[in-house]
Number of protein chains: 2
Amino acid sequence: MSEKWVYAFEEVAEAEKYAGDWESTRALLGGKGANLAEMTRVGVPVPHGFTVTTESCNAYLDAGENFPAGMWEQELAAMKKVEELTGKKFGDAEKPLLVSCRSGAKFSMPGMMDTVLNIGLNDEVAEGMVKLTGDARFVYDSYRRLVQMFGSVVMGLDDDAFEEVLDEARAKAGVKRDTELNAEQWQEVTEEFKKIYKAGTGSDFPQDPIEQVKLSTEAVFKSWNGKRAIDYRNAAGIAHDLGTAVNIMTMVFGNMGDTSGTGVAFTRDPATGENIMYGDYLLNAQGEDVVAGTRTPHPIAEMEKELPEAYAQFLDICDKLEKHYREMQDVEFTIEQGKLWMLQTRDGKRTAAAAIKIAVDMANEGLISKEQAVLRVSPNDVDTLLHPQFDIAAKKSAAAEGNLLAKGVNASPGAAVGVVAFDADLAEEWGQAGKDVIMVRPFTRPDDVHGMLAAKGILTSEGGATSHAAVVARQFGVPCVVGAGDVVISQEKRQFTAHGVTVKEGDWVSIDGSSGEAFAGQISTVETELEEQEDLLTLLSWADEYRRLEVWANADYPDDAQRALGYGAQGIGLCRTEHMFFEENRLPTVQKMILADDEAVRQAALDKLLPFQREDFAGLFRVMTGKPVIIRLIDPPLHEFMPDHDEVFERVITKRVKGESDGLAEDEDLLTAITSLHESNPMMGMRGVRLSVVFPGMVKMQVRAIFEAACQIKKEGLAPKPEVMIPLTGHVNELKVIQPQLEEVAKAVMEEQGVEVEYKFGTMIEIPRACVTADEIAKEAEFFSFGTNDLTQMAFGYSRDDAEAGFLLKYVEDGILPENPFQTIDRNGVGQLMKMAIDKGRSARPDLEIGICGEHGGDPSSVEFCHSIGNDYVSCSPFRVPIARLAAAQAALKEKGVSVK
Amino acid sequence: MSEKWVYAFEEVAEAEKYAGDWESTRALLGGKGANLAEMTRVGVPVPHGFTVTTESCNAYLDAGENFPAGMWEQELAAMKKVEELTGKKFGDAEKPLLVSCRSGAKFSMPGMMDTVLNIGLNDEVAEGMVKLTGDARFVYDSYRRLVQMFGSVVMGLDDDAFEEVLDEARAKAGVKRDTELNAEQWQEVTEEFKKIYKAGTGSDFPQDPIEQVKLSTEAVFKSWNGKRAIDYRNAAGIAHDLGTAVNIMTMVFGNMGDTSGTGVAFTRDPATGENIMYGDYLLNAQGEDVVAGTRTPHPIAEMEKELPEAYAQFLDICDKLEKHYREMQDVEFTIEQGKLWMLQTRDGKRTAAAAIKIAVDMANEGLISKEQAVLRVSPNDVDTLLHPQFDIAAKKSAAAEGNLLAKGVNASPGAAVGVVAFDADLAEEWGQAGKDVIMVRPFTRPDDVHGMLAAKGILTSEGGATSHAAVVARQFGVPCVVGAGDVVISQEKRQFTAHGVTVKEGDWVSIDGSSGEAFAGQISTVETELEEQEDLLTLLSWADEYRRLEVWANADYPDDAQRALGYGAQGIGLCRTEHMFFEENRLPTVQKMILADDEAVRQAALDKLLPFQREDFAGLFRVMTGKPVIIRLIDPPLHEFMPDHDEVFERVITKRVKGESDGLAEDEDLLTAITSLHESNPMMGMRGVRLSVVFPGMVKMQVRAIFEAACQIKKEGLAPKPEVMIPLTGHVNELKVIQPQLEEVAKAVMEEQGVEVEYKFGTMIEIPRACVTADEIAKEAEFFSFGTNDLTQMAFGYSRDDAEAGFLLKYVEDGILPENPFQTIDRNGVGQLMKMAIDKGRSARPDLEIGICGEHGGDPSSVEFCHSIGNDYVSCSPFRVPIARLAAAQAALKEKGVSVK
């Protein structure tokens, strides 16, 4: 660890030399500090200041909240340097130096630690500044802000107390907006705030500016381990040992009259990705006014008229920054009496659509390579983009019926339907209970994130496209409408009204994050068509150039297969045949087969099912001609095809008690049959290949259907490629017993039909024992397909249904499990078993075809893992095929060492 | 493979040279053939003959039932050689050579292929022999035997048809026994038999002796793959690819008058092991008469009076053979007109008690080493020996009440109580349905073995100590009484009578295989006291000298622990604490705890349970002072402590339908609670450490109880060594969360009590994921204990309850699984996971204590496996501790390369 804890913005070269590279410099100075320094280096106007490193934070926390030796002295020295550069002096009434204090970790974390502005003000300095500026209103507005921010952010006081004083002051003055309060009123407010401060902390508000800096620095460090920050890092997957830096920067004021202003902007449109300047600004305001959404700002383009020179300079700087960083930037700026200052730049968050468009555009513009473009887009963005949208006709008729409640800012795209919840806790509670929730708030704060993450959509009545609600919603892909001013929320009544319609908590609403509209009631949704997403198609075509892993799809019906093909699937990795058994016109026959006492009755039922299955398979082969189609033989325990036990039991008891004999004997027989099929742990009972070994008739029928269908399709001039998959193999002898019987059926059918079909026999690998004995199994099976859902169940000893309803969420929340292993492959446990299976399997059969058909096949991290262990393909739901294509390409590019920047 | 398919008995040296060693010679010639040849080599009188090798059998079967090239020619040549040596000629009416044909695999398999005697007889030879011997009765008795045996054994005709003719013949002649039939009558019988033969096979009985030999040879080969043989091999664990040899041997006749006879004998008492000649013989009889039990033979000692010279020579030969083989021998002999011939020798089967006594005696006699003695006794014999015996008082009072039905031969020791079944199929059916069955038959045949194995005991009205029933029962440790002549069985009425008492099928009887008594009704049993078994104690003390593996016991209560100590346990490997929760006076409190809505109610219930648990543990620590006691924290899912769902459900519905409100609300609440605890796969749900993580209160109470008890015992001056075991760990983070909380409780208690106790914290390894991440887990856990029941469940994906009631038996029967993996560790699958866990675990913590506490800990093969992978100990039920001690010693001796012979 360095003995240098503090770097002036001008010392970026020194920091980079110590850190080694830019990435490490960002880790050392935090993203914000590093970028302020970098802007300084390239000549962008940045107020003077310095950064206390993340290493200081970690040292402070490790030492039980004590500054490391020398740190504070270096901070004081850096402050002196700023005084020299600015010609101002800290705590001096004549030439007062005011500074801001901001946290800044390696990764941008909105809301982790709030900013404290105007540090350096005290009673004496305030008086001096009034003399200096002649603007008492501005000075006491600034002073009250310091007391409020310092009180709530640094000292942890409840902000509501401050807000109440403001409410009263406005009421007393008979005004609606803070900007309408005058100097005296602000001075009074400041005094009131100091009283709140004293009441809350037991001390007077510190008049020593140095003490203000010291406490603020400590508060930033401590905030790293605040619950809010930890929750955020957990949600965003950020490591907990990075620490945060502290940025101290000379204050510049956007609230010094009408040649002053402040704003935030994106160098491209973060919602669509279009290459235009996008943002908000406010004249005569400080930065927090824009971000907090308490005043509705103006579009940035209007600045061209109001402050043309500053705007021109601003555009120039933005262009410079985007070229420098080769990424869309999210900037904050302030104009102090005509002079433009850049207060922050960072890579801008964006919607999924924007991420894709920006990546493709930048590659086309030559700013980045195609490989980098592929790496730039998160697979989850592709998922979001393919999220459902409202059905246009349904939306139109909802509007015609007067259900359009309001129109706000389209802050995060996608359609969401849910019941209204007016606070984050309720939204979370209902969300966890499985309800679709729309969280409705005037505006959101970092405390609300847990509710936002649990909600299907977010609607706020205040704030703009860069408000907290908008930023968070976009980051997590939650549809969001902000600033819907017509929505009037009453927290007491737990309802809102809009255009005379009252919506109560629990009522249904539908919001369109793409158009910014909010509707009463439920509107039906439709899926997005991939063909219409030109940029995405371009990106995926690039991705296909780089990936090694094939992407197949899980599809049970020809329609699914058709969709999968459209999404780029190269085969069907899983057709679940039992789904066909559940269809209404087939289930009675299936039940007859199960309940059959003798072989003749059972065979008759099977004969009746054969043509259904044959048609199912023929449809699939037709669509997938020339591509492999893996058909899994019947897998679930038979009781799943029978009526529910409790239902029949209740019927029997009721009839017995009432003495009704009508149908009783029948029900009793049914109950006996259901009871005899009962298993205490059906997941680990008579299913999969075990069922086939005991009742080979069923799977023989299925294999006959597969090959009759394949022969038929071949005769049509197409190229069926059936692969028969035996589920749940745990011992090679299971295959040795059943596979020859099935191959015999296949050969018999092909002989009958006089057609030769290309085919394979293989097995799912979903039992731990199959993994450790995969060499034996591969001697029989021509392909392996990992059933990672069952493999995860068996490897962990978790019944998924029970675990997810029980302890599993707690395990993930408490960090006992880093993630839900049913969503993302547990590389360390399940992954080791998979690796072993592949290594052993290929040792016995080098050309063994290896895939995965569990849900994990569509999870980006799991796709990367499958690439790394040598899968031939992943198979996932048709909707996730594009995601998997991108994830597969990224895995290959990362392996190749391509850098994202 | 050799080109030599046939070896004369005189060619043993040549066979051994080809085979390489004696073991391989036995594999080549079969046990019977090898021993005939070996006896010939050491000068024991054996009739001339030869052996067709097991390789011939395999070649014959592999070639689709065709003799390998040259085999038949070699067999004819060997026959010529026998003619030369005996001066007789095959098919010659003047000097007829008759031979027997016997199967003989490497391992003795009673009943696999029946013997065919008197081959070479035909109409012409018979006439010639009558002239030659002047004994037409003998000749036609022999001829009819050939037709019968050849018909039933070689041609597969139903033996009953032959037996009916015999019945009629006896009835017609007005005699009771076959020996009373005269020459003419036997000739008539022979003619009748030939008619049966023709009717059954469509051909005349073959008059060509060479054809008789050829068909017999083929029949032996084919019998290797007969269902009967396969079943036997499956039951006895004999490999299916060994093949059987064919032994052709010159006939000698024990039925040539009163200086002739035949017998079978053991060189020591096979029931007790006593060093005395033990066996049966019959004057004027052929061998089958003795073995089949159709005539009740005389004790061998009587031969001394009747045939003193032959008897002396016989004793001499037996002594020679025992010294030569250094094993107790089971011999067959025939005396033909005063001349003694040995027809067979083999290692004799024996009871468990005899096995132990013989091994210990032979070591003491210097015939074998102590190490060999330890290797000689099957651990299962120890199990059998510790089987229950009847309570002496109960037996006396049963006798006093007139329930003693009969006294027969004490053929296989142990007490058995069950319901009577009169045939093997029913015995098997009832046995599989979980009933205790006593199979009652006049005598048994190889077809009956499946029923005998399923029965708890066997009772026959005929036969002696070497009858089929006796031999099989002893081999498989089933208590057995044979030759209980007072038992009169009526198959038609499905009942037997004895001394006027009628016992119907399904009635209870009790048999004492140690005393030979059979009783009506059920007699209570007691366990055998190890202390009384001197030979066993000696053997176990020798075993303890050789073993590396410690043997611990699973015990929940002080009584169990006391017994375990008595059996030699070196620690408690598993105390299941939940058993304590099920006790009648505690269960309501446990239920109250589970149903508690708030923490206070739950804690109050826990506080109430604490003293109970403390007393439980104190008792264990007191008994086990100085030895480790592993206590497993609560493991099962909570619903197991609640009333049955269907029961409460039925009550609720009944009350609802009847409109009864009394207690309805209460029942409904209970039902809701039970339903909320319901899991679809409880085996893989909220149990083990998962329960502890979610409700730490329960396990904290348990740990407090453990350490309060330990401190109390320490204060008593004893040395408690508690080891706290956390069940079902799948991820190291589970331990990281719960273990520190528990260690804190432990430390708090020790501080409160002012006592330091030696302790460990560790975990069960029973989740596959725990095995593959054992290095991480071992960083927290100080010991591992394999829970191989759950590990087998998870590794195979089998729910034991469901599997054993469902497909698992079929899997074992069909050879899909070589054995039930819940009885014997599946080395290839589960075993690999265990090996991995040990290697990874010790890599992280070299002094990691490793044990096993699953049922497998008492299974000899599994104990051997645990030795081989490096376990420190195995823990099993107290009753199996001696078995495990012996198995552990055998594992060490085998590893050292000590040979059993």
Side-chain angles (χ1 to χ4, degrees), chain A residues 637 645-646 649-650 653-654 656-658 679-686 688 690-691 693-694 728 730-731 733-734 736-737 766-773 776 790 792-803 805-808 810-811 814-818 826 828-830 832-833 836, chain B residues 637 645-646 649-650 653-654 656-658 679-686 688 690-691 693-694 728 730-731 733-734 736-737 766-773 776 790 792-803 805-808 810-811 814-818 826 828-830 832-833 836:
Chain A
H645 166 272
D646 278 10
F649 188 47
E650 179 166 357
I653 295 169
T654 305
R656 280 187 195 152
V657 174
K658 288 190 175 167
E679 293 181 311
S680 36
N681 298 282
M683 183 64 60
M684 310 169 81
M686 177 81 140
R690 302 162 196 171
L691 207 54
V693 167
V694 178
L728 217 69
H731 197 293
N733 286 348
E734 293 174 311
K736 283 188 178 165
V737 163
E766 49 190 337
I767 296 285
R769 195 185 183 284
C771 294
V772 298
T773 62
E776 296 174 3
D790 270 338
T792 300
Q793 294 199 97
M794 306 299 177
F796 274 91
Y798 292 168
S799 163
R800 180 170 187 177
D801 290 347
D802 300 320
F807 57 88
L808 191 56
K810 184 173 165 61
Y811 269 32
D814 291 1
I816 294 174
L817 295 177
D826 158 51
N828 205 18
V830 175
Q832 276 199 67
L833 288 169
M836 203 182 300
Chain B
H645 165 271
D646 278 10
F649 187 52
E650 179 165 357
I653 293 169
T654 305
R656 279 187 196 154
V657 173
K658 286 190 176 168
E679 293 181 311
S680 38
N681 298 282
M683 184 63 61
M684 310 169 81
M686 178 82 141
R690 302 162 197 173
L691 207 54
V693 167
V694 179
L728 218 70
H731 196 294
N733 286 348
E734 293 174 312
K736 283 188 177 165
V737 163
E766 49 189 338
I767 296 287
R769 196 186 182 284
C771 295
V772 299
T773 62
E776 296 174 2
D790 270 337
T792 300
Q793 293 199 100
M794 306 299 177
F796 274 92
Y798 292 169
S799 162
R800 180 169 187 176
D801 290 347
D802 300 320
F807 58 89
L808 191 57
K810 183 176 166 62
Y811 268 32
D814 292 0
I816 294 173
L817 294 178
D826 158 51
N828 203 19
V830 175
Q832 275 199 66
L833 288 170
M836 204 181 302

Next item on the list: Determine the option with the most heavy-atom pairs under 4.5 angstrom with chain B, choosing from A:G797, A:C771, A:A770, A:G829.
Entry: A:G797

Checklist line | Validation row: B:R769, A:M794 side chains within 4.5 angstrom (heavy atoms) | finding: no

Next item on the list: Go through the atoms of B:V693 and report whether side chain, backbone, both or neither lie under 4.5 Å from a heavy atom of chain A.
Entry: both

Item checked: Most contacts with chain A, counted as non-hydrogen pairs under 4.5 angstrom, among B:E776, B:K736, B:R656 -> B:E776

Check: Less than 4.5 Å apart, any side-chain heavy atom of B:T654 and any of A:I653?
Finding: yes

Item checked: Pairwise side-chain contact, B:H731 with A:P818, heavy-atom cut-off 4.5 Å (strictly under) -> yes

Notebook entry, point to check: Under a 4.5 Å heavy-atom cut-off, does chain A meet the side chain of B:D790, its backbone, both or neither?
Noted result: neither

Margin query: Do B:M684 and A:F796 make a side-chain contact, defined as non-hydrogen atoms from C-beta onward lying under 4.5 Å apart?
Written below: no

Item checked: Side chain A:Q832, main chain B:V772, donor-acceptor under 3.5 Å -> yes

Checklist line | Beyond-backbone contact of A:E734 with B:Y811, side-chain heavy atoms, under 4.5 angstrom | finding: yes

Notebook entry, point to check: Under 3.5 Å, side chain of A:N681 to main-chain N/O of B:M683, donor-acceptor pair present?
Noted result: yes

Margin query: Using only atom types and a distance under 3.5 Å, with no angle test, would you say the side chain of A:D802 pairs donor to acceptor with the backbone of B:G685?
Written below: no

Item checked: Pick from B:G730, B:P768, B:G688 with the largest number of heavy-atom pairs that fall under 4.5 Å of chain A -> B:P768

Notebook entry, point to check: Top residue by heavy-atom pair count (under 4.5 Å) with chain B, among A:V830, A:D826, A:L691?
Noted result: A:D826

Margin query: Report which part of B:E766 has an atom under 4.5 Å of a heavy atom belonging to chain A: side chain, backbone, both, or neither.
Written below: neither

Check: What is the minimum heavy-atom distance between A:S680 and B:P682, and which atoms define it?
Finding: O-CD, 3.3 Å

Item checked: Contact origin within B:L833 toward chain A - heavy atom pairs under 4.5 Å -> side chain

